[in-house]
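First comes the structure, then the notes that go with it.
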Amino acid sequence: GNDHIIGFYVDDSIAGGQASTKEIQLEGASMATQEIHGDGRNVTFPPDAVDEVSVATAGYSAEYGNTGGGVERYVLKSGTNQWRGSLYEYLRNEAFDAGGFFDSVVPVHREHEWGGTFGGPMARNKAFFFVSFNRYTFRDAETTSILSMPTAAFRNGDFSSWPQRIYDPLTTRPDPANPARFIRDPFPGNIIPPNRIDPTAKKILEYLPMPNMAGNYQNFTARVPKRTNERTTFAAKADHQFNESHRMSASLVATDDPGFQPHGLPHPAGGQQVRDFGYWFPRGTHDWVMSDNLVNQFRVGYNRQTQLQDQPSRFDEPGWPTQLGLRGMEMATGHFPRIAWSFTGTSTSLGYNDRFATTYTASDALLWTKGAHSFKFGGEVRRQETFKYLQNQANMNFARNQTALPTAIGSTGLDFASFLLGYVDSAGPSIYGPYEPRQSTWQFGFYAQDDYKITPRLTINYGLRVDILTPLVEANDYY
């Protein structure tokens, strides 16, 4: 199998199947969400809370569907008639690390994971409980990063030290010698007059630090604050044996996963990233022994995955597009704009991202044993919902084209000169703006299967499954 996360991309597969198409089950109910079906981030329960893990990769029964490659199945521990508990702690600290051969100091790296379990009877031989808790924290040290910031001369429009000529876009005109081409006049002395510098550009530059080293590029030593990441997970399960025929169990797994990603530039230009992911998985199961050879099992499940990602600059009032005088960006968030040029860019590519994915599941299965046959008939219904509120900050890209000679773009002009003049090469506002798409779909599955034990050494498994998926529906009819 393959299960790892690269940034926010989840790469999950079993037996060479397509990424993120596997089926994951907790207590017999699917953990799938509409956004990412086989999302490995959902497997957040404490390790010591798991009683059984199994993987079906080939030739699995008809009761398992909605999968590309295989099925991962997890069963939580249950309490017993004995009181039992455990405590654990895992610690990594630079105090225990050996330094590298060429290192003068040992890098700061602190990971701490601890937790425990406890379970026992609520009513002897009748009712039991089991709880588990897990806490993980990660810290590293402040780091140093070499960035590029515009020099004081550049900010004032003085490009006399720049080897390439800066041209005035207002002088663009057809070339008299060849009307199919265009020409421009260079700024005298490679200096942009002060009255030509865009007022919004001036305001943006107020929030960018001055270089603290020599040179036009690689001239700013930034101190990047330490990263933080933490995760808290809780799992609980209760079982009750009403009589010899009826047994019920209920469980809950909940996880809170916040984090902070710093930036080398200070607030508000840096775009420090904060996030808070949440996961909730309640489950319920009823087993009914109808006779010696007939058992019915009914299950319900609920999955909820929340993702909140943001930058602190969104909370500044009024919003930064208003403070900076950015016109035409009314649908963007209040974040500091993202500027892409040859210097270190401001902010980050992700603005305000608030979404949740919810799945409701209900299934029923009837197991009938008759002679050498073990029949199983069942059905499942799923409703999957996704809510998205995505609103990106103003994005602006600057290029040399606007201040270059049209016939020599590769060797003239400078993107920062285009920025000072207010000439944007490309820009983008929000993806969704103020809209909040709510998508939903239904899935229905029905199956029948049989395990036919012909001899003690030969069993034939056969069955039929039908899955019905309804079209995706948007609640507000946005699309």
Side-chain angles (χ1 to χ4, degrees), residues 24-32 42-54 63-64 71-89 113-135 231-256 278-305 358-369 374 376-382:
I24 308 174
Q25 293 186 351
L26 174 64
E27 294 288 301
S30 174
M31 300 182 72
N42 290 343
V43 184
T44 59
F45 25 84
D48 281 16
V50 179
D51 184 54
E52 178 184 334
V53 180
S54 60
E63 63 180 300
Y64 301 116
V71 183
E72 286 182 8
R73 295 168 292 190
Y74 298 88
V75 178
L76 299 178
K77 290 180 180 178
S78 296
T80 65
N81 280 325
Q82 293 182 325
W83 298 98
R84 292 184 176 179
S86 65
L87 294 173
Y88 59 87
E89 181 178 18
E113 185 170 6
W114 59 276
T117 65
F118 186 67
M122 291 184 287
R124 191 168 181 81
N125 296 325
K126 285 286 187 179
F128 313 92
F129 77 94
F130 182 87
V131 295
S132 178
F133 176 83
N134 181 271
R135 170 76 173 169
R231 182 177 63 249
T232 304
T233 303
F234 173 81
K237 185 176 181 180
D239 300 274
H240 186 72
Q241 184 80 41
F242 292 93
N243 51 47
E244 292 183 354
S245 299
H246 294 276
R247 177 187 176 91
M248 292 188 67
S249 68
S251 63
L252 170 66
V253 174
T255 299
D256 182 39
Y279 307 87
W280 292 82
F281 301 103
R283 297 286 188 267
T285 303
H286 174 238
D287 295 317
W288 178 18
V289 181
M290 306 171 68
S291 65
D292 292 340
N293 65 339
L294 197 61
V295 178
N296 189 81
Q297 186 174 69
F298 176 74
R299 285 194 177 101
V300 291
Y302 174 78
N303 309 328
R304 184 176 180 87
Q305 181 193 85
T358 302
T359 302
Y360 305 86
T361 65
S363 64
D364 193 80
L366 182 67
L367 179 62
W368 176 32
T369 302
S374 181
K376 194 170 187 178
F377 310 93
E380 179 189 28
V381 59
R382 300 183 189 182

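Please read these numbers as outputs of a predicted model, since none were measured by experiment.
Remark: Glu27 engages Lys237 in a side chain to side chain donor-acceptor pair (under 3.5 Å) (not counting sequence neighbours). Every side chain to side chain donor-acceptor pair (under 3.5 Å) that Asn134 has, sequence neighbours left out, goes to Tyr88, Glu113. Applying the side-chain contact (heavy atoms from CB on, under 4.5 Å) criterion to Leu87, with sequence neighbours excluded, gives no partner residue.
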Val289/Glu244 under side-chain contact (heavy atoms from CB on, under 4.5 Å): CA gap, chis, key distance, verdict = CA-CA 8 Å; Val289 181; Glu244 292 183 354; over 6 Å; no
side-chain contact (heavy atoms from CB on, under 4.5 Å) between Tyr360 and Val300, intermediate numbers included | CA-CA 8 Å; Tyr360 305 86; Val300 291; over 6 Å; no
Evaluate the criterion side-chain contact (heavy atoms from CB on, under 4.5 Å) for residue pair Asp48 and Ser86; output intermediate values, then yes/no.
-> CA-CA 9 Å; Asp48 281 16; Ser86 65; 4.0 Å; yes
Go through Glu72 and Val53 one step at a time and tell me if the side-chain contact (heavy atoms from CB on, under 4.5 Å) criterion holds.
-> CA-CA 7 Å; Glu72 286 182 8; Val53 180; over 6 Å; no
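Closest non-hydrogen pair, Thr117 versus Ser132, comes out as CG2-OG, 3.6 Å. Residue Lys376 comes nearest to Ala365 through the heavy atom pair CE-CB, 3.7 Å, listed as atom of the first residue, atom of the second, then distance. Between Ala236 and Val131, the shortest heavy-atom distance links the atoms CB-CG1, 4.0 Å. Across all their heavy atoms, Thr359 and Ala32 have their closest contact at OG1-O, 2.7 Å. Closest approach of Lys77 to Val50, counting heavy atoms only: CE-O, 3.4 Å. Between Ala49 and Ala235, the shortest heavy-atom distance links the atoms CB-CB, 4.1 Å.
Ring orientation note: the planes of Phe129 and Phe118 are tilted relative to one another, at an angle of 30° to 60°. Between Phe133 and Trp114, the two ring planes are tilted [angle within 30° to 60°].
Within 6.0 Å of CG on Asp292 lie no more than 12 heavy atoms contributed by other residues, nucleotides or ligands.
With hydrogens and angles ignored, the 3.5 Å screen pairs no side-chain donor or acceptor of Thr255 with any backbone N or O of Tyr279. The closest donor-acceptor contact from the side chain of Arg84 to the backbone of Gly120 lies at 3.5 Å or more, if one exists at all. Side chain of Asn303 to backbone of Ser30: a donor-acceptor contact under 3.5 angstrom is found.
To the nearest 0.5 Å, atom CZ of residue Phe130 and atom OG1 of residue Thr80 are 10.0 Å apart. Distance check, rounded to the nearest 0.5 Å: CD of Gln241 to CE of Met248 gives 12.0 Å. Here the straight-line distance linking atom OG of Ser54 with atom OH of Tyr74 works out to 9.5 Å at 0.5 Å rounding. Rounding to the nearest 0.5 angstrom, the gap separating the CE atom in Met31 from the CZ atom in Arg283 is 6.0 Å. For the atom pair OG of Ser251 and CG of Leu26, the computed distance is 5.5 Å after rounding to the nearest 0.5 Å. Rounded to the nearest 0.5 Å, atoms CZ (Arg382) and OG1 (Thr361) are 7.0 Å apart.
In this structure, Val71 and Gln25 have side chains that are in contact, with non-hydrogen atoms separated by less than 4.5 Å. Looking at heavy atoms from C-beta onward, Pro121 lies in side-chain contact with Trp83 at the 4.5 angstrom threshold.
For the side chain to side chain contact (heavy atoms under 4.5 Å, CB included) criterion with Trp368, the lone passing option out of Asn293, Asn296, Val295 is Asn293.
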